[in-house]
Amino acid sequence: MYRRKNQRIIISTYNHNDLHFAVGFSENEKIVRISLPKKNLEEAVSEISNYHPKFSISDKYKDTVIEIATMYTGKPVNFNMDLLDMEISAEYEHETSTINTSFERQVILKVAKIQYGNIKTYKDIAKSINTHAYRAVGTAIGKNPFPIVVPCHRVVRSDGAVGGFRGGTEMKIKMLINEGLKLESGRIDIE
DNA sequence: GATTGACGCCGAG
DNA sequence: CTCGGCGTCAATC
């Protein structure tokens with residue numbers, strides 16, 4: 001197992017309506033991490049560089065970042081999931097916010113399958129991998145290195161409340177509404 | 001072990 | 001309806 005911690009990555013960024021997006025790419029041109037939009041460029045970049053301290057900024061992958069920004073605004077995009085580096089297990093001493101265990105990988109893979117405009121509950125995800133560890137599912141989703149592309153915003157609580165989100169509940173609600181989902185007094189209709 | 005969760009369920013007000 | 005409390009279990013301390 002090689003040490004990804006020493007791998008040099010390229011970070012491409014894009015500014016859309018005063019929101020800064022940043023995405024990190026490995027040497028084999030795969031996405032290692034995506035930052036949710038931030039008000040400051042530095043903030044967005046450090047979301048990535050915190051995990052990959054050796055990096056350089058480049059426009060090389062700007063088109064991909066634009067695609068991700070487009071998805072964020074709620075437009076359907078046929079994104080190539082093969083671009084994601086699903087093997088990432090950063091061997092950092094303190095960083096825990098990566099998919100390191102098989103449990104976390106299973107969760108992320110299930111979430112990745114949720115289609116545009118659809119939602120699933122944390123319970124649904126738990127059932128699909130045969131566990132009752134609902135809370136652990138939430139924790140694993142909270143570590144999602146590929147927000148927006150792996151649509152963790154489409155996972156809500158089974159009582160219809162939207163649930164937590166790393167970028168804040170407000171952002172999660174916005175993203176769901178932008179995809180055409182309807183909320184009634186802060187809750188989503190679970191069929 | 002003990003504690004901590006982006007949760008779920010039920011029962012009491 | 002809200003809320004507290006307990007169930008459950010993976011990860012972390």
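Just so it is clear: chains get the letters A, B, ... in the order the sequence lines come, proteins before strands, and each one is counted from 1. No experiment lies behind these values; they were computed from the predicted model shown.
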| said: Main chain of A/T121, side chain of A/D124: is a donor-acceptor contact present, judged purely on distance under 3.5 Å? | reply: yes

| request: Look at the side chain of A/Y134 and decide which nucleotide, out of B/dA6, C/dG7, B/dC9, has an atom nearest to it. | output: C/dG7

| Length of the line joining A/D159:CG and B/dC10:P, which is rounded to integer Å | 12 Å

| query | Among C/dT12, B/dA6, C/dC9, which nucleotide sits nearest the side chain of A/K143? | reply | C/dT12

| remark: A/F103 has its side chain closest, among B/dC9, C/dA11, B/dA6, to C/dA11

| field | Nearest-neighbour nucleotide for the A/T131 side chain, C/dA10, C/dA11, B/dG8 considered | value | C/dA10

| Is there a donor-acceptor contact under 3.5 Å from the side chain of A/D85 to the main chain of A/E87? | yes

| request: Using whole Å, report how far OH of A/Y122 lies from C1' of C/dT8. | output: 17 Å

| request: Using a 4.0 Å heavy-atom cut-off across all strands, classify A/T101 as base, sugar-phosphate, or nothing. | output: sugar-phosphate

| query | Among the clusters formed by ILVMFWY side chains lying less than 4.5 Å apart, do A/V150 and A/I114 turn up in the same one? | reply | yes

| query | Quick one: A/N130 CG to C/dC9 P, roughly how many Å, whole number? | reply | 12 Å

| Rounded to the Å, how far apart are A/K127 NZ and B/dC9 P? | 9 Å

| Opposite nucleotide pairing with C/dT8, Watson-Crick or G-U, both atom distances under 3.5 Å | none

| field | Co-membership, hydrophobic cluster, residues A/I177 and A/Y116, 4.5 Å side-chain | value | no

| said: Using whole Å, what does the distance between atom P of nucleotide C/dC9 and atom CD1 of A/I125 come to? | reply: 18 Å

| message | Can you tell me if A/T139 touches the phosphate of C/dA10, counting only side-chain N or O atoms and a distance under 4.0 Å to OP1 or OP2? | response | no

| query | Looking at A/S158, does any N or O in its side chain come under 4.0 Å of the phosphate oxygens OP1/OP2 on B/dC9? | reply | yes

| field | A/K123 side chain, from C-beta outward: closest of C/dT2, C/dA11, B/dG8 | value | B/dG8

| query | Taking the six-membered ring for Trp, are A/F165 and A/H153 parallel (under 30°), tilted (30 to 60°) or perpendicular (over 60°)? | reply | perpendicular

| Please give, in whole Å, the distance from C/dA11 P to A/I108 CD1? | 12 Å

| field | Gap between atoms NE2 and C1', on A/H132 and C/dA10 respectively (whole Å) | value | 14 Å

| Nearest listed nucleotide, side chain of A/A136, among B/dG8, C/dC9, B/dA6 | C/dC9

| task | Whole angstrom is fine here: how far is it from CG in A/L176 over to C1' in B/dA6? | result | 13 Å

| Pair assignment for B/dA12, Watson-Crick or G-U wobble, requiring both distances under 3.5 Å | C/dT2

